[in-house]
Amino acid sequence: MTVRTRFAPSPTGLLHIGGARTALFNYLFARHHGGTFLLRIEDTDRERSTREAVDVILQGLAWLGLDPDEPPLFQSTRAPRHAEIAQTLLAAGHAYRCYATAEELREMRERATAEGRPPRYDGRWRDRDPAEAPPGIAPAIRLRAPREGETVVHDLVQGTVRVANTELDDMIILRSDGTPTYLHAVVVDDHDMGITHVIRGDDHLTNTFRQVQIYDALGWRKPEFAHIPLIHGADGAKLSKRHGAVSVLEFEKQGFLPEALCNYLLRLGWGHGDAEILSREEAIRLFDLDGVGRAASRMDYAKLTHLNGVWLRAADDARLAEDTLHRLAGRPDLTLDATTRARIETLMPALKERAKTLADLADSAAFLARRLPLPFDAKARALLTEDALALLRELAPKLADTDFSVAAIDATLRAYAETTGRKLGAIAQPLRAALTGATTSPPIDATLSALGKTESLARIAAATETMALI
RNA sequence: GUCCCGUUCGUCUAGUGGUUAGGACACCAGCCUUUCACGUUGGUAACACGGGUUCGAGCCCCGUACGGGACGCCA
């Protein structure tokens with residue numbers, strides 16, 4: 001049997017990391033078993049579903065590299081099929097028409113709650129003669145669920161979970177307006193799509209009992225179920241649209257790499273020995289459901305950031321330069337032309353070594369695109385003392401005589417340090433301040449070389465002039 | 001309230017009856033160094049609690065506490 005999984009989000013909000021991880025697990029499980037990964041948009045709630053939300057989901061999945069193997073299926077297009085199956089159930093006596101009004105049901109729930117009983121439908125139309133149907137009321141269709149025994153789910157993550165059927169009531173499968181409810185639509189679609197493994201958040205675990213009842217009434221073969229624990233916010237509270245849930249596209253904006261986010265999400269709730277850094281290929285090779293834990297986990301930005309640094313250092317320089325240019329574009333204090341582009345590309349190997357996010361990276365590269373005079377931060381200013389400026393004036397001609405390869409610059413600086421009896425740091429720091437306006441940057445020789453001789457000397461001159469005035 | 005699920009360092013986890021309870025992030029200290037990073041060495045730090053079962057329990061059983069989830073003509 002070929003594995004077929006699906007990610008089935010409802011387009012009513014954003015794609016947050018909980019959904020992203022569910023998609024990732026479905027994708028990895030399918031790939032690991034040589035199967036197919038599908039996407040189904042659960043847009044049966046026409047009121048709340050939006051085209052924008054669909055786009056956000058699609059963009060988020062694309063960014064994460066979790067594209068489905070077939071075009072997405074929109075659940076709303078399947079309403080006729082859902083109704084058809086409901087009629088089948090009705091004809092077979094596995095379902096019945098319920099004429100209870102919304103008002104009636106509300107009262108039923110309120111009374112139950114007030115009396116300390118679980119709020120459930122009392123089955124008042126289950127065995128009532130349809131001839132007694134009140135006129136003018138469109139009925140909903142309810143499943144005639146078993147009243148005795150228990151319903152069991154053999155979950156690949158949660159193990160065998162069972163509930164007494166007395167705990168379950170007769171759920172509505174088709175609303176009075178003829179549209180399907182979620183529980184029913186999911187069963188019909190998973191069946192028709194040939195889904196073999198339903199991998200979803202464990203907030204669906206108790207829903208599964210009701211879905212199993214529908215499968216059984218239909219005599220359909222059930223898929224395997226795997227309910228994975230939820231991700232909570234850093235404070236341990238549930239991730240929701242109001243609380244801590246941010247779109248995966250927001251992570252992109254903040255400078256996280258998709259491979260880092262996937263790596264992080266994979267390790268959240270899943271483990272394989274001491275393996276921490278996992279590429280997509282390794283993840284596909286190693287991932288399986290038996291490594292998934294059962295407890296909810298918390299979002300930890302520090303670890304995500306660390307992982308991002310790891311993947312950033314491993315990333316292709318050209319790709320990073322491109323992203324940096326993109327992030328820097330539009331900043332009025334910068335000049336982004338072929339020259340600055342070349343500087344960024346040249347220095348990228350050293351730049352990426354000390355950045356954690358693409359946003360950090362862009363910030364750290366900004367000095368390469370600055371116009372003179374440079375703005376100096378407080379530490380740089382403090383560093384450019386009278387003595388330091390004198391040193392720079394003395395050093396400038398020697399640099400002017402140096403060919404600007406990294407090795408040659410290094411040699412010049414070392415020679416100057418030796419003849420003046422200074423430590424290298426005593427030379428590098430003032431130089432760094434003059435060239436970058438800050439006290440941290442890639443190695444000074446590489447920085448000088450990337451800037452080029454003309455620009456470097458201009459910056460040194462500008463620094464000695466402007467600082468001397470203060 | 002009822003039902004379901006869970007609980008190992010601050011966080012993510014390894015661990016499937018016998019371990020000095022391992023790793024990663026974070027944190028602290030040292031080393032490296034041309035700043036910052038990277039790297040590296042070391043350190044602080046956990047089996048929720050109470051009963052069993054067993055020669056022996058983080059691992060098995062039962063309670064308790066705490067946390068989460070589900071109980072819609074939402075998904």
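As judged by a 4.0 angstrom heavy-atom cut-off over every strand, D445(A) is placed among the base-contacting residues. Residue contacts for R267(A): at a heavy-atom cut-off of 4.0 Å it reaches a base atom on one of the strands shown.
The nucleotide rA45(B) finds no pairing partner, because no Watson-Crick or G-U wobble arrangement with both distances shorter than 3.5 Å includes it. Using the Watson-Crick or G-U wobble rule with both distances under 3.5 Å, rC9(B) pairs with nothing in any strand shown. As the counterpart of rC32(B), no nucleotide is assigned, since no Watson-Crick or G-U wobble pattern has both distances under 3.5 Å. In this structure rA14(B) sits in no base pair that meets the Watson-Crick or G-U test at under 3.5 Å. Using the Watson-Crick or G-U wobble rule with both distances under 3.5 Å, rC59(B) pairs with nothing in any strand shown. With a cut-off of 3.5 Å on both pairing distances, the Watson-Crick or G-U wobble partner of rC3(B) is rG69(B). A 3.5 Å limit on both hydrogen-bonding distances identifies no Watson-Crick or G-U partner for rC38(B).
Within the 4.0 Å cut-off from OP1 or OP2 of rA70(B), not a single side-chain nitrogen or oxygen of R200(A) is found. For the OP1/OP2 pair of rU13(B) and a distance below 4.0 Å, the side-chain nitrogens and oxygens of K303(A) include no atom meeting the criterion. Distances shorter than 4.0 Å separate none of the side-chain N or O atoms of T113(A) from OP1 or OP2 on rG1(B).
Closest to the H204(A) side chain, of the nucleotides rA75(B), rU35(B), rG69(B), is rA75(B). Of the listed nucleotides (rA75(B), rC4(B), rC38(B)), rC38(B) has the atom at the smallest distance from the side chain of E353(A). In the set rC25(B), rG72(B), rU2(B), the nucleotide with an atom closest to the side chain of P119(A) is rG72(B). Side-chain atoms of R109(A) lie closest to rG72(B) of the nucleotides rU2(B), rG69(B), rG72(B). If you check rC36(B), rC73(B), rU11(B) against the side chain of R298(A), the one that comes closest is rU11(B).
The backbone N or O of D445(A) sits nowhere less than 3.5 Å from a side-chain atom of S449(A) that would complete a donor-acceptor pair. Although no hydrogens or angles enter the test, the distance criterion places no donor-acceptor pair under 3.5 Å between the side chain of K222(A) and the main chain of Y215(A).
Side chains of E150(A) and E167(A) form no contact here, defined as non-hydrogen atoms less than 4.5 Å apart.
Going from the P atom of rC49(B) to that of rA57(B) covers 15 Å, rounded to whole Å. One C1' atom belongs to rU16(B), the other to rC61(B), and the distance between them is 16 Å to the nearest Å.
Between F287(A) and W270(A), the ring planes are tilted. Angles from 30° to 60° get that label.
Going from atom CZ of R162(A) over to atom C1' of rC4(B) covers 13 Å, rounded to whole Å. Rounded to whole Å, atom C1' of rA24(B) lies 16 Å from atom NE2 of H272(A).
Both L304(A) and T181(A) lie close to RNA chain B; mapped to their nearest nucleotides by heavy-atom distance, the more 5′-ward contact belongs to L304(A). Nearer the 5' end of RNA chain B, as judged by each residue's closest nucleotide, is the contact made by G291(A), out of I172(A) and G291(A).
When all heavy atoms of A86(A) and L174(A) are compared, the pair lying nearest together is CB-CD2, 3.8 Å.
Residues H204(A) and Y182(A) place their aromatic rings such that the two centres sit under 6.0 Å apart.
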